[in-house]
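Notes for the one structure printed next.
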Amino acid sequence: QVQLVESGGGLVQRGGSLTLACEGSGRTFSSYAMAWFRQAPGKEREFVAAVSWNGGSTDYADAVKGRFTISRDNARKIVVLQMNSLKPEDTAVYYCAAFSRPSTNARDVNYWGKGTLVTVSS
């Protein structure tokens, strides 16, 4: 079993930066691929970024490529999403997710965090 707790959300102006962290628990944390999803009001949850179990491979949604960076530290059981050049359309609740096999599909997620709100003002 893996439990995930997100932190780092908040209010930021257009063009600003935020760093989200996801702290995991459980002995098997390092065996899971990890990802961030987001859900804006009235919209479906969408994939943002993913990192493989050992951090050697990453994947990004087109909307965030070049602006967001995902990384992980298995010793500390943390996954970080660095978000730069933020836009109002990045406003959403951001969720941390764990996969038993690599995927970008929310239906394949084994564990979800409760989310952290990011608001980007114009």
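Residue numbers count from 1 along this sequence. The analysis underlying the following values was restricted to heavy atoms, covering all of them including side chains, and did not include hydrogens, waters or symmetry mates.
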Nearest non-hydrogen partners of [X] and [Y], listed with the distance:
X      : Y     : value
Leu81  : Ala49 : CD1-CB, 4.1 Å
Gly115 : Val93 : CA-CG1, 3.9 Å
Ala35  : Phe99 : CB-CE1, 3.4 Å

* **Pairs involving residues 82-122, ordered by first then second residue, that meet disulfide (SG to SG under 2.5 Å) (sequence neighbours left out)** => Cys22-Cys96
* Determine whether Phe37 and Val79 fall in the same hydrophobic cluster, where Ile, Leu, Val, Met, Phe, Trp and Tyr are linked whenever their side-chain heavy atoms lie under 4.5 Å apart. => no
Only pairs under 3.5 Å count here: list side-chain donor-acceptor contacts from residues 56-63, not counting sequence neighbours, and write none if there are none.
{"from": "Tyr60", "atom 1": "OH", "to": "Ile70", "atom 2": "N", "distance (Å)": "2.9"}
{"from": "Asp62", "atom 1": "OD1", "to": "Lys65", "atom 2": "NZ", "distance (Å)": "3.2"}

* Asked: Is Val80 isolated, or which residues cluster with it under the ILVMFWY side-chain rule of less than 4.5 Å, directly or via members?
  -> Ile78
* **Residues in salt bridge (Lys or Arg N to Asp or Glu O under 4.0 Å) contact with Asp73, at least two apart in sequence or another chain** => none
* Please list all pairs passing the side chain to side chain donor-acceptor pair (under 3.5 Å) test where one or both residues lie in residues 77-87, with sequence neighbours left out. => Ser17-Asn84, Thr19-Gln82, Gln82-Asn84
* Structure fact -> Contacts satisfying side chain to side chain donor-acceptor pair (under 3.5 Å) that involve residues 109-122 (not counting sequence neighbours) are Ser100-Asn110
* Mind checking side-chain hydrogen bond (donor to acceptor under 3.5 Å, both in side chains) for Arg101 and listing every partner two or more places apart, or none if nothing turns up? => Asp108
* Structure fact -> Hits for side chain to side chain contact (heavy atoms under 4.5 Å, CB included) against Val120, two or more places apart or cross-chain, chain-then-number order -> Val12, Leu86, Pro88, Asp90, Thr91, Val118
* Asked: What pairs with Ala92 under side chain to side chain contact (heavy atoms under 4.5 Å, CB included), at least two apart in sequence or on another chain?
  -> Arg38, Ala40, Tyr94
* To do: Name all pairs fulfilling the ring-ring contact (aromatic ring centres under 6.0 Å, His included) condition that reach into residues 2-24, sequence neighbours left out, sorted by first residue then second.
  => none
* Asked: Under 6.0 Å from the CD atom of Glu46, do we count more than 12 heavy atoms belonging to anything else shown?
  -> yes
* CD of Gln13: more than 12 outside heavy atoms within 6.0 angstrom? -> no
* Test side-chain hydrogen bond (donor to acceptor under 3.5 Å, both in side chains) applied to Asn54 and Ser52, step by step -> CA-CA 6 Å; Asn54 64 353; Ser52 60; 3.0 Å; yes
* Taking the side chain as C-beta and beyond, is there a heavy-atom pair between Met34 and Leu4 under 4.5 Å? -> yes
* Asked: So, do Val109 and Tyr95 sit near enough that their side-chain heavy atoms are less than 4.5 Å apart?
  -> no
* **CD on Glu89 to NZ on Lys43, rounded to 0.5 Å** => 8.5 Å
* To do: Would you give the length of the straight line joining atom CD of Glu23 to atom CD of Glu6, rounded to the nearest 0.5 angstrom?
  => 11.0 Å
* Asked: Does Phe29 have Arg76 sitting over its ring (NZ/CZ under 6.0 Å from centre, angle to axis within 45°)?
  -> no
* Among Leu20, Val48, Val64, Thr69, which one satisfies side-chain contact (heavy atoms from CB on, under 4.5 Å) with Met83? -> Leu20
